[in-house]
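Below is one structure; the comments refer to it alone.
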Amino acid sequence: MKEHGRAVGFEAEYDKESRILILGSFPSVKSRRVEFYYGNGQNRFWRTVCGFFGEEIPEDTAGKKEFLHRRHIALWDVVMACDIVGSSDASILNEEIADIPALLNQTGIRKVLCNGSKAYELLCLHFPEIGVRAIKLPSTSPANPRFSSAVWAETLAACLNQE
């Protein structure tokens with residue numbers, strides 16, 4: 001886990017009951033330090049998704065995993081490893097792309113929600129057949145001034161209503 005240079009992300013968090021895949025670009029430095037998705041306390045991911053379901057944010061990784069499985073949500077990143085400076089998506093180079101089609105083929109995932117433009121851009125570039133079905137959401141990163149929890153809530157509600 002380096003703050004600059006070659007870095008490695010996480011395996012997908014999912015189970016056979018997963019119905020929605022939330023796809024990020026690559027874990028931040030803080031997430032890599034805690035070794036789980038959206039580990040930066042300033043990132044709005046957990047606050048947004050748990051809040052949508054009216055739940056408190058779990059205090060630890062085990063609780064977050066339990067929440068995801070109970071809500072049939074899978075988490076992964078498009079990039080499995082890359083050269084990166086800090087947490088900057090713009091600095092991602094020499095990326096190793098996740099095998100997203102394999103994950104979709106072994107689960108019941110019906111919707112792919114991209115957490116930000118970089119995740120969506122990379123998904124469409126490497127897997128255009130999946131990109132056309134994906135939904136690009138505003139990044140939950142604290143660096144994104146255009147974040148909208150309302151857009152996330154509307155999208156989650158629409159996805160869950162189609163179940």
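Bear in mind the structure is a predicted one, so any value in this text is a computation, not a measurement. Heads up: numbering here begins at 1 and tracks the sequence.
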- Query: Is the closest side-chain heavy-atom distance between Ile73 and Phe53 below 4.5 Å?
  - Reply: yes

- Message: For a 4.5 angstrom cut-off between non-hydrogen side-chain atoms, does Asp77 reach Ser25?
- Response: no

- Apply the test side-chain contact (heavy atoms from CB on, under 4.5 Å) to residues Ile109 and Ile20: give CA-CA distance (whole Å), side-chain angles for both, the deciding distance (0.1 Å), then the verdict. CA-CA 5 Å; Ile109 292 171; Ile20 296 171; 6.0 Å; no

- Message: Is it the case that the side chain of Trp152 and the backbone of Phe52 share a donor-acceptor pair, with hydrogens and angles ignored and the cut-off at 3.5 Å?
- Response: no

- Query: Around Glu56, counting heavy atoms of other residues, nucleotides and ligands shown, do more than 12 lie under 6.0 Å from its CD?
  - Reply: no

- Taking atom CG of Asn144 and atom OG of Ser117, what is their separation to the nearest 0.5 Å? 8.0 Å

- Yes or no on side-chain contact (heavy atoms from CB on, under 4.5 Å) for Phe67 and Trp46, after CA distance, side-chain angles and deciding distance? CA-CA 10 Å; Phe67 166 83; Trp46 292 110; 4.1 Å; yes

- What heavy-atom pair brings Cys159 and Ile135 nearest, and what distance separates the two atoms? SG-CD1, 4.5 Å

- Looking only at heavy atoms, which two atoms of Val79 and Glu95 are closest? And how far apart? CG1-CB, 3.8 Å

- Nearest heavy-atom contact between Val78 and Ala119 is CG2-O, 3.6 Å

- Query: Between CG of Asn40 and NZ of Lys30, what distance do you get to the nearest 0.5 Å?
  - Reply: 4.5 Å

- Phe45/Tyr37 aromatic ring centres below 6.0 Å: no

- Task: Please examine the side chains of Thr61 and Val34, heavy atoms only from C-beta on, and report whether any two atoms are closer than 4.5 Å.
- Result: no

- Message: Working to the nearest 0.5 angstrom, can you tell me the gap between Leu21 CG and Cys114 SG?
- Response: 8.0 Å

- Task: Answer yes or no: are there more than 12 heavy-atom neighbours, outside Gln42 itself, under 6.0 Å from its atom CD?
- Result: no

- Please examine the side chains of Arg47 and Ile57, heavy atoms only from C-beta on, and report whether any two atoms are closer than 4.5 Å. yes

- Query: To the nearest 0.5 Å, how far apart are CD1 in Ile130 and CG in Leu104?
  - Reply: 5.0 Å

- Taking Arg32 for the side chain and Pro27 for the main chain, is one N or O donor matched with an acceptor at less than 3.5 Å? yes

- Item | Leu156 reachable from Leu137 in the ILVMFWY side-chain graph, under 4.5 Å edges | yes

- Task: Show the numbers, then the answer: is there a side-chain contact (heavy atoms from CB on, under 4.5 Å) between Phe147 and Ser139?
- Result: CA-CA 6 Å; Phe147 173 75; Ser139 172; over 6 Å; no

- Task: Answer yes or no: is there a donor N or O on one side and an acceptor on the other, between the side chain of Arg6 and the main chain of Asn94, under 3.5 Å?
- Result: yes

- With rounding to the nearest 0.5 Å, note down the distance linking CG in Asn43 to OG in Ser28. 7.0 Å

- Query: Are side-chain N/O atoms of Tyr38 and Asn115 paired as donor and acceptor at under 3.5 Å?
  - Reply: yes

- Message: Could you tell me if the side chain of Arg70 sits less than 4.5 Å from the side chain of Glu55, heavy atoms only?
- Response: yes

- Linking I/L/V/M/F/W/Y whenever any side-chain heavy atoms sit under 4.5 Å apart, do Leu122 and Phe127 land together? yes

- Query: Mind checking whether Phe36 and Ile22 sit in one hydrophobic cluster, side chains of I, L, V, M, F, W, Y counted as touching below 4.5 Å?
  - Reply: yes

- Message: Can you confirm whether Leu123 sits close enough to Leu23 that some side-chain heavy atom of one is under 4.5 Å from a side-chain heavy atom of the other?
- Response: yes

- Task: Rounded to the nearest 0.5 Å, what's the gap from CE on Met80 to CD1 on Ile100? Could you check?
- Result: 10.0 Å

- Message: Strictly distance-based, threshold 3.5 Å: is any side-chain N or O of Ser18 a donor or acceptor partner for the main-chain N or O of Tyr14?
- Response: no

- Carboxylate-amine/guanidinium contact Glu17 Arg19, below 4.0 Å: yes

- Message: Please evaluate residues Ile97 and Leu125 with respect to the criterion side-chain contact (heavy atoms from CB on, under 4.5 Å), reporting the C-alpha separation (whole Å), side-chain torsions for both, the decisive distance (0.1 Å), and the verdict.
- Response: CA-CA 11 Å; Ile97 300 299; Leu125 176 67; over 6 Å; no

- Query: Salt-bridged, Lys64 to Glu13, with N to O below 4.0 Å?
  - Reply: no

- Checking Arg133 side chain against Lys111 main chain: does a donor-acceptor pair fall under 3.5 Å? no

- Query: Are Leu113 and Leu68 connected, step by step, through hydrophobic side chains (Ile, Leu, Val, Met, Phe, Trp, Tyr) whose heavy atoms are closer than 4.5 Å?
  - Reply: yes

- Message: So Glu129 and Pro101, do their side chains get closer than 4.5 Å, heavy atoms only?
- Response: yes

